[in-house]
Amino acid sequence: MSWGTELWDQFDNLEKHTQWGIDFVEKYTKFVKERSEIELNYARQMRNLSKKYQPKKKDEDENKYTWCRAFHSTLNELNDYAGQHEVIAENMMSQIIAELTRYSQEIKTERKTHFHDGRKAQQHIEAGWKQLESCKRKFERDCKEADRAQQYFEKMDADINVTKADVEKARQQAQMRHQMASDSKSEYSSYLQKFNQEQNEHYYTIIPNIFQKIQAMEEKRIERMGESLKTFAEVDRQILPIIGKCLDGMTQAAESIESKTDSSQVIESYKSGFEPPGDVEFEDYGQAMKRTVSETSLTNSRSENKPERSSKSKTKTLWPFIKKNKGSNPEDFSHLPPEQRRKKLQAKIDDINKDIQKEMDQRDALTKMKEVYIKNPQMGDPNSVDPRLAEIAHNIEKLQVEAQKFEGWLAEVEGRMPVKSDTSRRTSTVYETQNSTPPTNNNCAQDRESSPDGSYTEEPSSEVQTSNESKVQPETAESGDEFDDAEEDMLPTIGTCKALYPFEGHNEGTIAITEGELLYVIEEDKGDGWTRVRRNEEEEGYVPTSYVEVFLDSNAKDS
């Protein structure tokens, strides 16, 4: 169906319709643009969300667990997922919006040309019609004038009173009018033939050709709309495989979670290396206790039965609850329990060794460069490398000293962690030095203390748990006064000691000491890593054995 033959008289409606079609293209272009902006905003929000929940450097513990790593992988996949939505927006901008914007300008120009030609043809045929009407009216006027002139001549010719000259004049006038009418008729006839020819050409050739071009333009516009709508879907479809891979990555991350592995990692992360406290023995207060005042019994009682100041406490806690240390953590990780301290020290040594290896690699590279410069002086000055080599040597020396320091601490920790008979893992029979608490008994030292990692109890034990070495001897006179505060406060000194390092002694039952300070020893280390000392009659408590150098009296050693 051709617009030129079917819509020859619908010029104005076609003009409105084609303008509406162009407006629709621009409307669709705006729609795609807004869609691309939504995609960009969505991608930006997804990226921000992924970044917000990414682990911070201080949250390095999260990498230990499979469920944390799975979540981090999901965040990375989500970031890639967001990137695909950016691709959607970019492709829509380049493949649809830019193309349709350019096409809209082209079709506007083309439409303007076609309708300009149509309007020009319409104006031409309208001007021809007006000219034809003018010729027709002239012919009509000339005919009427010729009739009037003929009637006047006939009237004059019949009137006997009119002179012959007047009759002749009327006759000539009538002839002239008839000639003018005849000429107008010829002109009218000629122009009518011309107009009919132009009108036929207008409605059957010119207008159909113009309308055909407009129809082709409109059909092309519709096809471009269809292509754009198809592209709109294809832009999404192209990223679906990548989106699928992102989702597959999320699924694989979820399937990589291993509860057993994470459960074991909890042990690795928090195992203190301490032995659990032993049984609390029954103390028979109903049995009469006899006191002897012999020097031997006093000595035995002092070495075997150590009544604790903490026995006056009314509370008892046998579980190592958390009690945070507000101070900064020491360099040697002595605030940690043995197992965790060993891991931290080993990790620190490994890091230092890596740094040493890097420095050594740089030294080797510079040494080779210097050799090349020596053999080929034109390539560079060999002496220019020496300052950097000296700096590297200094760095290596510093790192090696640092490594030796941490290896010493590691050896100290491992020396206190004998291998258990039923497992190859090291567990500690002694307690940590700096922030751990003196024992209320030889099995429950950790009941007194709390450390930053939550390996110790919050409150000291109120009970005195004795070992086989220090069971109550009811036959001795000393044991009868086990809870005698005055006797407990004034235990005899069995030697002296010198503080090798400062100890803050924040926890109950401990005493603060400064480096080089001299103190009295009133109870030696029984294998739990603590020595009981006295500064004066008012101040006494436990200090880490490794922090002091002990000098026992000869009679104390003999006993």
Side-chain angles (χ1 to χ4, degrees), residues 55-66 68-69 261-262 264-275 320 324-325 327-367 388-420 423-436 446 449 451-456 500-504 515 529 544-549:
K56 305 296 186 294
K57 291 182 178 179
K58 61 182 180 180
D59 297 333
E60 57 183 15
D61 289 344
E62 288 192 13
N63 292 326
K64 295 180 181 178
Y65 303 103
T66 61
C68 290
R69 293 197 297 269
T261 301
D262 290 340
S264 300
Q265 185 59 49
V266 174
I267 298 176
E268 289 295 317
S269 299
Y270 299 112
K271 181 180 179 182
S272 67
F274 291 133
E275 294 286 350
K324 295 291 184 182
N325 185 356
S328 59
N329 296 332
E331 184 183 14
D332 61 354
F333 305 109
S334 58
H335 65 292
L336 299 176
E339 182 69 18
Q340 299 302 319
R341 184 185 182 194
R342 181 185 66 79
K343 291 178 182 177
K344 288 286 186 181
L345 291 172
Q346 186 62 58
K348 185 69 175 178
I349 292 171
D350 292 342
D351 291 341
I352 295 174
N353 288 335
K354 289 179 182 178
D355 293 338
I356 292 175
Q357 187 60 46
K358 289 181 182 178
E359 296 288 341
M360 293 177 70
D361 291 342
Q362 292 187 31
R363 181 189 63 185
D364 294 343
L366 288 173
T367 303
R388 179 58 181 156
L389 284 174
E391 180 184 353
I392 291 176
H394 178 66
N395 292 343
I396 292 176
E397 183 178 355
K398 283 177 60 180
L399 290 170
Q400 287 175 340
V401 171
E402 189 81 359
Q404 290 176 0
K405 178 174 66 174
F406 281 95
E407 286 171 354
W409 286 329
L410 179 62
E412 176 187 352
V413 174
E414 291 181 336
R416 296 186 178 190
M417 297 175 63
V419 178
K420 294 175 66 174
T423 177
S424 61
R425 310 246 344 143
R426 292 188 177 94
T427 54
S428 175
T429 57
V430 216
Y431 309 117
E432 278 307 297
T433 54
Q434 182 167 347
N435 284 335
S436 49
Q446 68 270 34
E449 175 56 88
S451 73
D453 59 35
S455 302
Y456 306 86
L500 301 176
Y501 312 103
F503 175 65
E504 297 180 357
E515 183 178 353
T545 303
S546 60
Y547 277 48
V548 295
E549 184 178 2

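- Taking the side chain to side chain contact (heavy atoms under 4.5 Å, CB included) definition, one finds that L500 meets it with E549, sequence neighbours left out.
- For Q265, the side chain to side chain donor-acceptor pair (under 3.5 Å) criterion is met by S269, not counting sequence neighbours.
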Name every donor-acceptor pair, under 3.5 Å, that has one atom in a side chain of residues 347-357 and the other anywhere in the protein, sequence neighbours excluded.
from: D350; atom 1: OD1; to: Q346; atom 2: NE2; distance (Å): 3.1
from: N353; atom 1: ND2; to: I349; atom 2: O; distance (Å): 3.3
from: Q357; atom 1: NE2; to: D361; atom 2: OD1; distance (Å): 3.0

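- Scanning for salt bridge (charged side-chain N to carboxylate O under 4.0 Å, His left out) contacts around K358 gives an empty result, with sequence neighbours left out.
- Not counting sequence neighbours, E397 has no partner by the side chain to side chain contact (heavy atoms under 4.5 Å, CB included) test.
- Under the rule for a salt bridge (charged side-chain N to carboxylate O under 4.0 Å, His left out), E407 has no partner lying at least two apart in sequence or in another chain.
- Checked against side chain to side chain contact (heavy atoms under 4.5 Å, CB included), T66 has the following partners two or more places apart in sequence or in another chain: R69, I257, E258, T261, D262.
- Residues K405 and V401 form no side-chain contact, since every pair of their non-hydrogen atoms from C-beta on lies 4.5 Å or further apart.
- Going from atom CD of E359 over to atom CD of Q400 covers 11.0 Å, rounded to the nearest 0.5 Å.
- Checked against side chain to side chain contact (heavy atoms under 4.5 Å, CB included), K398 has the following partners two or more places apart in sequence or in another chain: H394.
- To the nearest 0.5 Å, atom CZ of residue R363 and atom CG of residue L389 are 9.0 Å apart.
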